[in-house]
Amino acid sequence: MQASTNAAHAIGGVDVAALASAYATPLLALDTDVFDAAVARFAELGAALEIDVAYAGKALLVVALAERLKKTPLRLDVCSLGELHTAERAGFPAARMVLHGCGKTDEELAAAAGGRVARVVVDHREELERLAEIAQRAAPVEILLRLNPGIEAHTHAYVRTGGEDSKFGFALGDVDAAIERALGAPALRLVGVHSHLGSNIFEATPYEASLSIALEVCARAAGRGAPIREVIVGGGFGVDSHPNGERLDLAATLNALVAHLHKEARRLGVAAPRLGIEPGRAIVAAAGTSLYRVVTVKRQGMRRFAIVDGSLADNPRPAIYGAYHHPVAVGRAFAAEFEETTVCGRSCENDELVVAPLPLDLRAGDLLALHSTGAYTFSMASNYNRFPRPPVVFAGGGRHRAVVRRESLDDLVRNDVAGE
Ligand code: LLP
């Protein structure tokens with residue numbers, strides 16, 4: 001069997017074996033050179049095309065990452081007090097933060113009304129009412145209404161689903177009433193509409209369809225004397241972890257969106273609102289690599305298994321979504337012959353992390369890198385089996401440092417209350 005890729009032995013200019021010995025395994029290494037380049041690309045395109053770019057913190061947010069983002073022009077989406085607290089610890093300016101979430105608590109709405117973020121994306125009528133009430137105690141709050149455009153995006157197509165099959169946002173039939181209500185609330189300033197179609201989208205068409213819907217809403221709002229200044233079309237820009245996988249042409253996609261925005265604004269006779277996007281995965285996924293040590297390689301039935309020292313606890317996406325993270329044996333020279341191998345974690349489940357060709361001479365003690373784990377891997381990690389969560393290590397320009405320490409066994413029992 002053929003090798004499926006070249007082994008990458010360095011991350012951010014740091015040898016993987018050095019990372020493994022400095023921090024032990026499993027670990028999540030974030031190549032800050034790759035991350036910075038992705039941020040710079042979005043920032044450049046945003047500036048050139050007049051698109052506001054916000055990083056969706058849910059993909060990965062730790063204090064050091066927020067500190068890094070703070071120095072860029074990007075905004076930041078937070079969807080919980082936890083994400084907000086993380087950003088605040090980093091000194092990320094409130095003026096560049098947006099609060100998301102489809103079930104915001106009063107505490108979160110009060111944080112927004114208290115000026116800890118610049119604006120709120122309101123998900124539903126009840127939230128609009130609660131925010132209108134809470135915001136009365138403070139300065140007016142800028143809001144965007146989240147639309148449910150009823151579009152389901154797939155890799156190569158989109159379908160209108162009538163909007164009833166997802167919990168998010170205002171159904172299109174309820175939007176006009178929500179706009180009326182927002183206009184009637186002295187403590188709220190309606191600045192925009194928002195939608196998010198889903199993740200890993202590889203073409204412009206679904207975004208264009210959702211933009212058209214948003215602009216129709218803008219036209220109706222303008223007719224009521226409520227000009228809408230901004231339309232955010234969400235995140236979801238595709239990233240494929242397979243080395244031969246699909247690539248989204250970001251510049252072409254964003255250019256197409258801007259052209260579509262202007263075309264639709266002309267058609268509907270409204271001033272073109274400002275466009276916003278909020279990518280998470282497309283900024284951070286490729287920068288991340290999960291590094292494991294092989295515990296054993298064994299044959300069972302027809303299969304060759306490699307059990308590694310991680311699991312679905314630190315790397316849950318394969319189990320939840322069938323996600324593929326490309327594995328590469330690293331850290332030494334390997335045989336050129338490969339054999340299909342099922343890489344499993346060490347949890348008490350059939351936790352397959354990936355099935356792929358790996359070197360015939362792979363053995364216990366070797367290092368295995370799983371690529372493109374920067375997004376939604378650490379942020380979704382758990383302590384299943386009471387495994388401590390791995391450290392997050394920044395590696396770039398040949399230097400490295402832990403930005404999240406490995407959890408200790410004491411961390412695991414910190415909130416346990418002993419005694420009867
Ligand atoms: N904006 C909103 C309102 C969102 O809900 C999301 C993601 C994003 C932006 C960013 O989407 P991205 O550019 O990262 O695709 N846990 C799943 C992904 C869930 C995405 C949730 N929302 C995964 O691991 O694939």
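In what follows, residues are counted from 1 in the order of the sequence shown. Counting starts at 1 for both ligands and their atoms, following the listed order. Computed from heavy atoms alone, side chains included, the values below leave out hydrogens, waters and symmetry copies. All values derive from a computational prediction rather than experimental measurement.
With ring centers used as reference points, Tyr55 lies 6.0 Å or more from Phe92. In this structure, His400 has its ring center under 6.0 Å from that of Tyr23.
Nearest protein heavy-atom contact of atom 5 (O) of ligand 1 is His196 CD2, 3.5 Å. In terms of protein heavy-atom proximity, atom 15 (O) of ligand 1 is closest to Ser199 OG, 2.4 Å. Closest to atom 24 (O) of ligand 1, if we only count protein heavy atoms, is Arg317 NE, 2.5 Å. Distance from atom 16 (N) of ligand 1 to its nearest protein heavy atom, with residue and atom name: Tyr321 OH, 2.7 Å. At the shortest separation from atom 20 (C) of ligand 1 among protein heavy atoms lies Tyr376 OH, 3.6 Å. At the top of the distance list for atom 22 (N) of ligand 1, counting protein heavy atoms only, stands Lys58 CD, 3.5 Å. The closest protein non-hydrogen atom to atom 1 (N) of ligand 1 is Glu278 OE2, 2.8 Å.
For ligand 1, the atoms lying closer than 4.0 Å to a non-hydrogen atom of Gly236 are 11 (O), 12 (P), 13 (O), 15 (O). Short contacts between ligand 1 and Ala56, defined as distances under 4.0 Å to a heavy atom of the residue, involve ligand atoms 8 (C), 9 (C), 10 (C). Those atoms of ligand 1 that come under 4.0 Å of a heavy atom in His100, given as number and element, are 3 (C). Those atoms of ligand 1 that come under 4.0 Å of a heavy atom in Pro279, given as number and element, are 13 (O). Within ligand 1, counting atoms from 1 as listed, the ones closer than 4.0 Å to a heavy atom of Arg146 are 3 (C).
Between His326 and His371, the ring planes lie tilted relative to each other; the angle falls in the 30° to 60° range.
In this structure a side-chain-to-backbone donor-acceptor pair under 3.5 Å is missing from Arg119 to Gly192. No donor-acceptor pair under 3.5 Å is formed between the side chain of Arg386 and the backbone N or O of Leu409. A donor-acceptor pair under 3.5 Å is formed between the side chain of Asn148 and the backbone N or O of Phe168.
The pair Arg41-Asp36 fails the salt-bridge criterion, with no side-chain N (NZ, NE, NH1 or NH2) lying under 4.0 Å from an Asp/Glu carboxylate O. We find that Glu180 and Arg224 are joined by a salt bridge, their nearest charged nitrogen and carboxylate oxygen being less than 4.0 Å apart.
Of the residues listed (Val53, Ile283, Val284), the one engaging Val39 in a side-chain contact (heavy atoms from CB on, under 4.5 Å) is Ile283, and it is the only one.
If you look at Arg281 next to ligand 1, the close heavy atoms, those under 4.0 Å, come from the backbone and the side chain alike.
Side-chain contact of Thr342 with Arg304: a donor-acceptor pair under 3.5 Å is absent, judged by distance alone.
Residue Ala59 places every heavy atom at 4.0 Å or more from ligand 1. In this structure, Ala375 has no heavy atom closer than 4.0 Å to ligand 1.
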